[in-house]
Amino acid sequence: MLENLNIEDVLFIDIETVPQYPAFSEVPEDFKKLWDKKSTYFRTEEQIASDVYERAGIYAEFGKIICISAGFIIQKQGERFYRVKSFYDDDEKKLLSQFNLMLEKFTSHPGKRICAHNGMEFDFPYIARRSLINRLKLPKILDIAGAKPWEVKDRLIDT
């Protein structure tokens, strides 16, 4: 399927994430309890929840997106160029709103896809979860609940 892919129909993305709070001491009590429970799956017996809080950024429930970079290839006068835009803001909801709007515009034409390294396991679901947490409408391309595997591979590319 990818051998017939027009590279100009692909939006390449990458996200950067951090824990929602700068330090474990700033985490609200109810979230501390949730992090304590979640972190039991990967911390050692000697460690406590605060010892592993720097890992919170990789979990959409405890992290936040601070930057999404998106790029695509265009051809002008027979030469290919790579255009990149980064979405960043202290306000994650604003960042996601801007990115989701651009994503909807890019993927509104048939055959458009998005691509990310480990995107199926990290970038795509993280963006979707953080969008929902921020009460934003999911871009159609990321709304894959109930989709068949062949429907997903027609939209999302994972390197």
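Side chains are part of it too, since the values below use all heavy atoms of this structure and drop only hydrogens, waters and symmetry mates.
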Would you say that [X] contacts [Y] through its side chain, given a criterion of any heavy-atom pair below 4.5 Å between the two side chains?
X	Y	result
Met102	Lys105	no
Tyr82	Ile74	no
Leu11	Lys112	no
Leu136	Leu138	no
Phe62	Val27	no
Leu96	Ile68	yes
Leu156	Ile114	yes
Ile144	Arg155	yes

Inter-residue atom distance [X].[atom1] - [Y].[atom2], 0.5 Å rounding:
X	Y	atom1	atom2	answer
Arg135	Lys93	CZ	NZ	8.0 Å
Leu95	Cys67	CG	SG	7.0 Å
Tyr59	Lys38	OH	NZ	5.5 Å
Ile157	Arg113	CD1	CZ	5.0 Å
Leu101	Phe87	CG	CZ	8.5 Å
Asp14	Asn118	CG	CG	10.5 Å

What closest approach, in Å, do [X] and [Y] show between heavy atoms, and which atom pair accounts for it?
X	Y	value
Gly119	Pro125	O-CD, 3.3 Å
Cys115	Val10	CB-CG1, 3.6 Å
Pro22	Glu26	CD-OE1, 3.4 Å
Ile73	Arg80	CG2-CD, 3.9 Å
Tyr53	Ala23	CE2-C, 4.0 Å

Is there a donor-acceptor pair under 3.5 Å between the side chain of [X] and the backbone N or O of [Y]?
X	Y	answer
Asp158	Met120	yes
Trp35	Ala49	yes
Ser69	Ser86	no
Gln98	Tyr88	no

*Under the side chain to side chain donor-acceptor pair (under 3.5 Å) test, residues paired with Glu46 that sit two or more places apart*: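 Once residues adjacent in sequence are excluded, the partners of Glu46 under the side chain to side chain donor-acceptor pair (under 3.5 Å) criterion are Thr44.
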*Taking 4.0 angstrom as the limit, do Arg43 and Asp36 come out as a salt bridge?*
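Between Asp36 and Arg43 there is a salt bridge, with a charged N closer than 4.0 Å to a carboxylate O.
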_Tell me whether Glu29 is salt-bridged to Lys32, with the criterion being a basic N under 4.0 Å from an acidic carboxylate O._
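Judged by the 4.0 Å cut-off on N to carboxylate O distance, Glu29 and Lys32 do form a salt bridge.
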*asked:* Does anything in residues 119-131 form a side-chain hydrogen bond (donor to acceptor under 3.5 Å, both in side chains)? List the pairs, not counting sequence neighbours.
replied: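 Passing the test, one end in residues 119-131: Glu92-Arg130, Asn100-Ser131.
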Among the clusters formed by ILVMFWY side chains lying less than 4.5 Å apart, do [X] and [Y] turn up in the same one?
X	Y	answer
Phe81	Phe106	yes
Ile58	Tyr21	yes
Phe31	Phe42	yes
Val152	Ile127	yes
Trp150	Leu142	no

*Could you go step by step and tell me if Ile13 and Phe99 meet the side chain to side chain contact (heavy atoms under 4.5 Å, CB included) rule?*
CA-CA 10 Å; Ile13 67 167; Phe99 173 77; 4.1 Å; yes
*May I ask you to check whether over 12 heavy atoms, not counting those of Asp30, lie within 6.0 Å of atom CG?*
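Yes.
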*Please assess Ile141 against Leu103 for the test side chain to side chain contact (heavy atoms under 4.5 Å, CB included), listing each intermediate value before the final yes or no.*
CA-CA 8 Å; Ile141 199 161; Leu103 187 57; 3.8 Å; yes
